[in-house]
Protein chains: 2
Amino acid sequence: MHTKTFVRFKHTFLMAEKTTHIKPTESELEILQVLWQHGPNTVRFVNDELSKSKETGYTTTLKLMQIMHEKGMVNRDESGRSHIYSAAITETATQKQLLDRFLDTAFRGSALKLVMQALGNKKTSQQDLNEIRNLLDNLKKEEK
Amino acid sequence: MHTKTFVRFKHTFLMAEKTTHIKPTESELEILQVLWQHGPNTVRFVNDELSKSKETGYTTTLKLMQIMHEKGMVNRDESGRSHIYSAAITETATQKQLLDRFLDTAFRGSALKLVMQALGNKKTSQQDLNEIRNLLDNLKKEEK
DNA sequence: ATGTTTATACGAAAAATTTCGTAAATAAAA
DNA sequence: TTTTATTTACGAAATTTTTCGTATAAACAT
């Protein structure tokens, strides 16, 4: 889908084509994960990867990827007999989208609560904790 | 669905009714949010709340809440004419569930990436940042 | 009492997502 | 060449989620 939004900028209004609303389903996300992780690949490869963690029929994966192509979620190279699919949206952009939505629906928008849950529940490595600490320091500096 | 799990406690094994696999759909989650935020309430109230942010028919909300009741996701008091629904699962337990799942599907399990996105994207308040810092300090102390 | 509003129950349509079977084409193997 | 395997295309069934219409009963107002 496609939504138009008004965005205030200085003293003018601009139309912003919001390419938002990439809303991969759970299955689509699993496929994107494979493509992000391993780069452009065939349906066969993706299906083999998915098969490692769950039952999945070849034509099911194929159909899903064809649909994703229709939606513009993946590109495909049709030059060879087996088509090569690649993600058309970046991992971080998608994560940002999903996170925003998730934050709203699950944590009523409170990033604090989400972060605390994420850190509290899981045993996070010492190194990761340090990285977060650095990020915090940077954020502090930025707002002078 | 309902699963039973063994939980080790001291030197004994106990059967724990794990209300695991609560997988509220997006609509169900919206309803739960209202119940968590405002406490036990009627379908009418919940529907009015939802109506503030989106189109929603009364019987639609009713049906959803009835289904949620069947699933054991909410309790209801049928003593009066208008039934009073209340959340049967806690907000934090549900958040933990959803977060775990979300972490896997969207961030491939990396709490670090998720946290950094959450903090990086959104402008988090100074106070929130401090709270996180405290949490980090506590986590540091705990592992001696 | 009679009509109007407001509830629940419930079936079933509508929409979205996922799974699968089969046909047709191409490549590879025998 | 002839079979066998692999691939895409595609329709449609199966599932899940969401929405809605209608019947029925209770409460309320006139």
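In the text below, chain A, chain B and the rest are named by the order of the sequence lines, each starting its count at 1. Nothing here was measured: the structure is a model prediction, and the numbers come from that model.
- Distances shorter than 4.0 Å separate none of the side-chain N or O atoms of Thr56(B) from OP1 or OP2 on dT19(D).
- In this model, the phosphate group of dT19(D) is not approached by any side-chain N or O of Tyr58(B) to a distance below 4.0 Å at OP1 or OP2.
- The shortest distance between the side-chain N/O atoms of Ser27(A) and the OP1/OP2 oxygens of dT18(C) is below 4.0 Å.
- Listed nucleotides dT8(C), dA9(D), dT19(C) differ in distance to Gln66(A); the shortest reach to its side chain belongs to dA9(D).
- As a whole-Å value, the separation of His83(B) NE2 from dA25(D) C1' is 11 Å.
- For Arg76(B), a side-chain nitrogen or oxygen approaches OP1 or OP2 of dA9(C) to under 4.0 Å.
- Note: His38(B) and Phe45(B) have perpendicular aromatic rings, judged against thresholds of 30 and 60 degrees for the angle between ring planes.
- Atom NZ in Lys23(B) sits roughly 12 Å away from atom P in dT17(C) (whole-Å rounding).
- The existence of a salt bridge linking Asp104(A) and Arg108(A) is excluded, since no basic side-chain nitrogen approaches an acidic carboxylate oxygen closer than 4.0 Å.
- One atom, CE of Met68(A), and another, P of dT8(D), lie 15 Å apart when rounded to the nearest Å.
- Taking atom CG of residue Leu50(A) and atom P of nucleotide dT18(C), one finds them 12 Å apart after rounding to whole Å.
- Distance from the side chain of Arg44(B) is smallest for dT6(C) among the nucleotides dT7(D), dT6(C), dA9(C).
- Where Leu64(A) and Arg81(A) meet DNA chain C, the nucleotide closest to each residue was compared, and Leu64(A) sits on the side nearer the 5' end.
- In this structure, Thr59(A) and Glu28(A) both approach DNA chain C, and ranking their closest nucleotides by distance from the 5' end singles out Glu28(A).
- For the pair Ile67(A) CD1 and dT8(D) C1', the computed distance is 14 Å after rounding to whole Å.
- Of the residues Thr42(B), Asn41(B), Thr59(B), Thr61(B), the one that meets the side-chain hydrogen bond (donor to acceptor under 3.5 Å, both in side chains) test with Asn47(B) is Thr61(B).
- Looking at the side chain of Leu62(B), the nearest of the listed nucleotides dA7(C), dA9(C), dT19(D) is dA9(C).
- Distance CE (Met65(A)) to C1' (dT7(D)): 13 Å, rounded to an integer number of Å.
- Although no hydrogens or angles enter the test, the distance criterion places a donor-acceptor pair under 3.5 Å between the side chain of Gln95(B) and the main chain of Ala106(A).
- Picking from dT8(C), dT17(D), dT22(C) the nucleotide with the shortest atom distance to the side chain of Ser82(B) gives dT8(C).
- The nearest whole Å value for the distance from the CD atom in Glu26(A) to the P atom in dA16(C) is 18 Å.
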Pair Lys96(B)-Glu91(B), salt bridge (charged side-chain N to carboxylate O under 4.0 Å, His left out): steps then yes or no: CA-CA 9 Å; Lys96(B) 177 169 162 25; Glu91(B) 182 169 18; over 6 Å; no
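- The base of dG11(C) lies close enough to the side chain of Lys63(B) for a donor and an acceptor atom to sit less than 3.5 Å apart.
- Within the 4.0 angstrom heavy-atom criterion, base atoms lie near Thr60(A).
- Atom P of nucleotide dT6(D) and atom CG of Asp48(A) are separated by 11 Å, given to the nearest angstrom.
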